[in-house]
Amino acid sequence: MAHTIALLPGDGIGKEVTVSAVEIMKVIAEIFSFELSFTEYLIGGCSYDEFGTPLTEETLNGCKKADVVFLGAVGGYKWEKLPHHLKPEAALLRLRKELGLFANLRPAKIYEPLIDSSTLKRETLTGVDFMVLRELTGGIYFGSPRGYNEKSGWNTMVYSYEEVERIAHKAFQIARTRSSRVTSVDKANVLEVSQFWRNVVHKVHEQYDDVELTDMYVDNAAMQIVRNPGQFDVIVTSNLFGDILSDIAGMITGSLGMLPSASLGELYGLYEPVHGSAPDIAGQGKANPLAAISSAAMMFKYSFNLPHASELIETAVTEVLEAGYRTPDIYSTGCTGIGTEKMCELIKEHIYQKAAYARESYHL
Ligand code: IPM
Ligand code: MG
């Protein structure tokens, strides 16, 4: 039976990078002999333009019917002045909530060939490979009461036991597949909700005595990510802190154009590049498709249980970078500058070259 994928290219470069990711998914399906079926829906600004809402029931139901959702990016200058609930970003928040995507995985990995495009020194970055696990459907993003009037504005940061418990389990489970170290980030010296978070994480940790747990305040964590990112394996944190820390973590790797993400719940998985819709370069064929392509790699690993397909894609990405090919966002002197389509072509070629070997070593 075919794996069904709801495709939400969205706005700006979201459309272009999704085309590349789909090409790669098709190549993988061909190599590993399974079927993928795609249905495309509007989301974000383009949906607002067409239907007056950034997320229609049709799109939402389409996502619920599919095995996984693949999203490009949403947003753009054009829709910035809309009221909150009509902004493209509101679609993303509702989608996360409706699909129960409580666990957001944002890997921060240094690709050796790109190490010099980071603002940090090479010696600080060598070997950096950690995962920010962000709670995605609770906390201040969704707490009530919320609002503002002429005199004040307010939001509520709230977590239930179950919400912290399930993300903590996820953190320890992911850590077991990596270096078995979890840093739980909070602000327990000031916020009661954070003290509660810390208590629950420690309670869950009793079931994972093979995993090392450290607590860290969020301000210190922000500093440590820049000072010595190599110390981290899995960072687990709440929605707002994770939003901020994952941008810091992303930036030290040198380019947001390289970073994939997965948002997982009990029933669904949504995969998207971390970067936005980049309206300034949209439609010019310049966008870096590697974050979207790596998001497809995460999809094969986490939703379809095909880690070897995922590795095949990741190896191709590394090799193409090693061969000196770069889209403008990661370009440096002496490299070969290319656009979105060419980058996708090269990844495809590398995957095909390695396919025979991969089939043999995985007995396919
Ligand atoms: C992210 C983004 C979103 C968030 C916005 C677009 C709503 O910054 O995915 O990190 O704040 O979660
Ligand atoms: Mg963000």
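These values consider heavy atoms only, across backbone and side chains, with no hydrogens, waters or symmetry-generated copies. Numbering of ligands and ligand atoms starts at 1, following listing order.
The six-membered or imidazole ring of F300 lies away from that of H308, with a centre-to-centre distance of 6.0 Å or more.
Scored by the side-chain contact (heavy atoms from CB on, under 4.5 Å) test, T318 finds Y111, E322 as partners (sequence neighbours excluded).
Between the side chain of N104 and the main chain of L133, no donor-acceptor pair closer than 3.5 Å is present. Side-chain atoms of T340 come within 3.5 Å of backbone N or O of A287 as a donor-acceptor pair. A distance-only check finds no donor-acceptor pair linking the side chain of S144 to the backbone of R146 [under 3.5 Å]. Using modelled atom types, one side-chain atom of R326 and one backbone atom of L321 make a donor-acceptor pair closer than 3.5 Å.
Nearest protein heavy-atom neighbour of atom 4 (C) of ligand 1: Y141 OH, 3.4 Å. Looking only at protein heavy atoms, the nearest one to atom 5 (C) of ligand 1 is E89 CG, 4.2 Å. Nearest protein heavy-atom neighbour of atom 10 (O) of ligand 1: D243 OD1, 2.9 Å.
Here atom 3 (C) of ligand 1 lies nearest to R96 when heavy atoms of R96, K87, E272, H275 are compared.
Here 1 is the count of protein N, O or S atoms positioned under 2.8 Å from the Mg ion (ligand 2), waters not counted.
Residue Y141 forms a side-chain hydrogen bond (donor to acceptor under 3.5 Å, both in side chains) with just one option from N239, D243, N155, and that option is D243.
No side-chain N or O of Y268 forms a donor-acceptor pair with one of D67 less than 3.5 Å apart.
For the ligand labelled ligand 1, residue R106 lies inside the 4.0 Å heavy-atom shell.
Set against the non-hydrogen atoms of R134, the atoms of ligand 1 under 4.0 Å away are 1 (C), 4 (C), 9 (O), 10 (O), 11 (O), 12 (O).
The aromatic rings of H202 and H205 lie perpendicular to each other, with more than 60° between the two planes, well past the 30° mark.
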